[in-house]
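Working notes, beginning with the structure itself.
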Amino acid sequence: MWTILFGCSFAAVAVFLVWKSLSRFSTIRSNVDSALTSDNAIPGPSPDRATGNSADIAAAGGLVPFVRQLHESYGPIARFWLGPGASVVSINDPGLVQKTLKLGSRPSEIFAFLEPVLGADNLQVYDASRAKALRRLLLPAFGPAVLRRKYENLAAMADDLIQDWLGCAGRQEVVPVQAHLLKLGLRTSLEASVSCPLGTIDVDQFRTAYDAVFTYLFDKQTQGIVGDAAQQLAFERGVDYLHGTIRSLYSQRQKAEDEPEEDVCQLLLTEIDPTTGQPFTPAAIVSHLMVWIVGAYHTSVVALSWTMFCLAQHPDVQAKVRAEVDALLPKGRSPAYDDLERLPYTTQVVKESMRLFTPGPFAARLVDEDTPLGDRVLPAGTTLFYPLSVIHTNPSLWPEPDRFDPERFSPEAVRTRHPQAYVPFGVGPRICPGERFAWLEIKLLLALIVQHFTFELAMPVADVVPTEKFVLFAKDDIRIRLHRRQ
């Protein structure tokens with residue numbers, strides 16, 4: 001789930017920013033580039049001196065199609081430039097991924113653009129050892145025992161969505177599912193991070209502030225768009241609102257006399273910061289809570305949006321998912337926590353949709369020491385790029401890679417495939433810590449949706465355009481027509 005923030009999280013953003021950030025380390029980069037262009041040369045297109053391969057990326061239609069073409073032309077390990085003096089080594093082979101799994105650091109400057117909202121010292125800029133210590137401290141908040149206790153609240157939020165959609169179906173309204181699911185995703189991320197009761201904050205206002213802040217930062221860093229005075233003001237007010245809301249939530253928790261909740265906020269309030277050996281400061285609490293809320297907000301609900309897109313085009317698969325849910329939950333019984341582990345075909349369907357539409361398409365790591373890779377050696381300081389969505393559609397691994405086929409994830413098929421051929425939650429020691437939470441959320445929602453509705457696409461397939469931003473969004477949403485089941 002936290003594909004961008006923890007595994008491949010914010011990597012779609014990160015790769016657009018690497019050249020801006022790595023150019024600060026011109027001496028280091030020059031040494032790395034010299035090493036990679038010697039007898040140890042890694043193939044790739046020639047860069048423009050001023051812009052790297054930016055023009056090639058734009059001509060290809062984006063980073064995903066560019067990297068796909070890159071590997072088609074140059075093989076499983078290739079190099080390209082995101083800007084002047086900022087080369088990246090990309091690998092499109094599960095065996096090569098396997099050999100680099102130990103890497104746990106990332107080019108810290110990639111995430112400098114988030115400093116206004118996350119603070120200067122946040123998880124995104126932690127090296128491998130600091131990140132490991134903090135993850136070890138906070139992961140219990142997403143363990144199975146805690147998720148089981150939170151399940152009732154999450155199920156109630158899911159039911160709110162179903163009731164809303166029943167109304168839409170009754171009025172024959174077309175539903176922009178991505179927008180609806182993102183609103184729900186914010187609610188569930190707040191529940192996971194701060195156990196925020198419904199009504200404690202205005203979710204719509206929080207989301208408006210959130211979108212203003214992160215859209216401004218993304219556009220400024222990736223396109224050089226600074227916005228007008230109104231956008232700048234909305235950004236500043238949004239940052240103030242988000243920080244103020246988080247401070248208010250944890251301040252209320254400090255004063256609460258009820259039994260403490262089991263979540264990220266409680267751990268930050270009661271445990272010792274492994275970096276300083278002291279209690280977490282208020283600034284650190286705000287920073288870490290923002291990281292976890294951001295990480296939980298997008299990814300799983302965007303994955304579910306794409307799953308609905310796939311199922312809307314394949315009514316036979318949709319019917320098979322519905323039959324599995326109906327058999328497990330007769331007479332419309334609501335799914336219990338343990339039921340979600342008894343939906344093997346539904347799980348295959350979600351995995352296949354995440355293969356085709358990987359929510360966080362990329363991951364990046366920093367090579368912190370000279371590292372053998374195939375018949376080459378990557379020098380320390382190399383930025384290593386994992387194009388997850390390109391690996392997921394590599395025809396040597398996935399025959400007819402653009403075809404939707406959940407049988408690719410049958411137990412028999414999985415046993416014959418390299419484990420690193422499918423890595424939607426990232427790789428190595430910084431793999432998504434919220435994977436268990438993500439699966440719970442996705443399968444709970446999908447089970448309820450197919451219980452209550454049949455559905456079809458209410459727009460031409462060609463109008464559903466994946467766009468690379470914080471995650472792989474549908475540019476103009478995914479409009480679905482719902483039909484209530486009798």
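Residues Trp306 and Leu356 fail the side-chain proximity criterion, which asks for heavy atoms closer than 4.5 Å. Within the 4.5 Å cutoff, side-chain heavy atoms of Leu114 are placed close to those of Leu217. Taking 4.5 Å as the limit, every side-chain heavy atom of Val302 sits out of range of all side-chain heavy atoms of Phe357. Using a 4.5 Å heavy-atom threshold, the side chains of Asn122 and Met290 count as separate. Between His71 and Ser90, the closest side-chain pair of non-hydrogen atoms falls below 4.5 Å. When side chains are defined from C-beta on, Tyr386 counts as touching Ile91, because their heavy atoms get closer than 4.5 Å. Using a 4.5 Å cut-off on side-chain heavy atoms (C-beta onward), Pro144 and Arg436 make contact. Residues Val349 and Glu352 are not in side-chain contact: their nearest non-hydrogen atoms beyond the backbone lie 4.5 Å or more apart.
We find the CG-CG distance between Leu166 and Leu482 to be 8.5 Å, quoted to the nearest 0.5 Å. Ile480 contributes atom CD1, which lies 8.5 Å from atom CZ of Phe309 (distance to the nearest 0.5 angstrom). How far OG of Ser248 is from CD1 of Ile201: 9.5 Å, rounded to the nearest 0.5 Å. In this structure, CG in Leu190 is found 5.0 Å from CD1 in Ile293, a value given to the nearest 0.5 Å. Taking CZ of Phe385 as the reference point, atom OG of Ser87 lies at 13.0 Å (rounded to 0.5 Å). Remark: His418 NE2 to Asp93 CG distance equals 7.5 Å, nearest 0.5 Å.
Between the side chains of Ser389 and Thr358, no donor-acceptor pair of N or O atoms lies under 3.5 Å. Between the side chains of Thr100 and Arg365, no donor-acceptor pair is found at a separation under 3.5 Å. Under 3.5 Å, the side chains of Glu412 and Thr416 contain no donor-acceptor pair of N or O atoms.
No more than 12 heavy atoms of other residues, nucleotides or ligands lie within 6.0 Å of CD in Glu341, so this atom counts as exposed by the packing criterion.
Arg247 places no side-chain N or O within donor-acceptor distance of the main-chain N or O of Pro282, the cut-off being under 3.5 Å. For Thr208 (side chain) and Asp204 (main-chain N/O), a donor-acceptor pair under 3.5 Å exists by modelled atom type. The backbone N or O of Ala296 lies less than 3.5 Å from no partner atom in the side chain of Ser300, so there is not a single donor-acceptor pair. At least one donor-acceptor pair under 3.5 Å links the side chain of Tyr422 to the backbone N or O of Lys351. Proximity of a side-chain donor or acceptor of Gln266 to a complementary backbone N or O of Arg253 within less than 3.5 Å is not detected. At distances below 3.5 Å, not a single donor-acceptor pair connects side-chain atoms of Asn92 with backbone N or O atoms of Pro76. In this structure, the side chain of Lys150 engages the main chain of Glu191 through a donor-acceptor pair within 3.5 Å. Of the possible polar contacts, one joining the Thr245 side chain to the Tyr241 backbone as a donor-acceptor pair under 3.5 Å is found. A donor-acceptor pair is defined here as one N or O able to donate and one able to accept, closer than 3.5 Å; no such pair exists between the side chain of Arg106 and the backbone of Tyr126.
Aromatic pair Phe142/Trp439: ring centres not closer than 6.0 Å.
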Show me the side-chain donor-acceptor pairs of residues 175-182 shorter than 3.5 Å, one per line, residues at least two apart or across chains.
residue, atom, partner, partner atom, Å
Gln178, OE1, Ala474, N, 2.8
Gln178, NE2, Ala474, O, 3.1
His180, ND1, Trp165, NE1, 2.9

Using a 3.5 Å cut-off and no angle test, enumerate the donor-acceptor pairs between side-chain atoms of residues 317-327 and protein atoms at least two apart in sequence or in another chain.
residue, atom, partner, partner atom, Å
Gln318, OE1, Arg322, NH2, 2.7
Gln318, OE1, Phe455, N, 3.0
Gln318, NE2, Leu311, O, 3.2
Gln318, NE2, Phe455, O, 3.1
Arg322, NE, Val450, O, 3.0
Arg322, NE, Phe453, O, 3.4
Arg322, NH2, Phe453, O, 2.8
Glu324, OE1, Tyr345, N, 3.4
Glu324, OE1, Thr346, N, 2.8
Glu324, OE1, Thr346, OG1, 2.6
Glu324, OE2, Tyr345, N, 2.8
Asp326, OD1, Arg485, NH1, 3.2
Asp326, OD2, Arg485, NH1, 3.3
Asp326, OD2, Arg485, NH2, 2.8

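Residues satisfying the salt bridge (Lys or Arg N to Asp or Glu O under 4.0 Å) criterion with Arg148, sequence neighbours excluded, are Asp338.
With salt bridges taken as basic N to acidic carboxylate O contacts below 4.0 Å, none links Arg130 and Asp127. Lys183 has no carboxylate O lying under 4.0 Å from a charged side-chain N of Asp164, or vice versa, which leaves the two without a salt bridge.
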**Prompt:** Taking it one step at a time, do Ile431 and Arg135 satisfy side chain to side chain contact (heavy atoms under 4.5 Å, CB included)?
**Reply:** CA-CA 10 Å; Ile431 195 169; Arg135 286 164 59 101; 4.1 Å; yes
**Prompt:** Should Lys443 and Thr347 be marked as a side chain to side chain contact (heavy atoms under 4.5 Å, CB included) after you check the CA-CA gap, both sets of side-chain angles, and the distance that decides it?
**Reply:** CA-CA 7 Å; Lys443 290 198 282 189; Thr347 302; 3.3 Å; yes
**Prompt:** Between Phe280 and Leu137, does a side chain to side chain contact (heavy atoms under 4.5 Å, CB included) hold up when you go through it step by step?
**Reply:** CA-CA 12 Å; Phe280 286 95; Leu137 179 71; 3.6 Å; yes
**Request:** Start with the C-alpha distance between His243 and Val117, add both sets of side-chain angles, then the distance that settles side chain to side chain contact (heavy atoms under 4.5 Å, CB included), and finish with yes or no.
**Result:** CA-CA 8 Å; His243 287 177; Val117 65; 4.1 Å; yes
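Residues Leu445 and Leu161 come closest through the heavy atom pair CD2-CD2, 3.9 Å. The nearest pair of heavy atoms linking Ile272 to Gly277 is CG2-C, 3.3 Å. Minimum heavy-atom separation, Gln420 to Val427: OE1-CG1, 4.1 Å. Gly381 and Leu366 make their closest contact through O-CD1, 3.8 Å (heavy atoms, listed as atom of the first residue, atom of the second, distance). The minimum heavy-atom distance between Leu329 and Ser334, with the atom names listed, is CD2-O, 4.2 Å. The minimum heavy-atom distance between Ala438 and Phe425, with the atom names listed, is CB-CE2, 3.9 Å.
Between His298 and Tyr210, the ring-plane angle classifies as tilted under the 30° and 60° cut-offs.
Remark: Arg355 is positioned above the aromatic ring of Trp398, its terminal NZ or CZ atom under 6.0 angstrom from the ring centre and at most 45 degrees off the axis. Geometric assessment of Arg187 against the ring of Phe206 yields a negative cation-pi assignment under the 6.0 Å and 45° thresholds.
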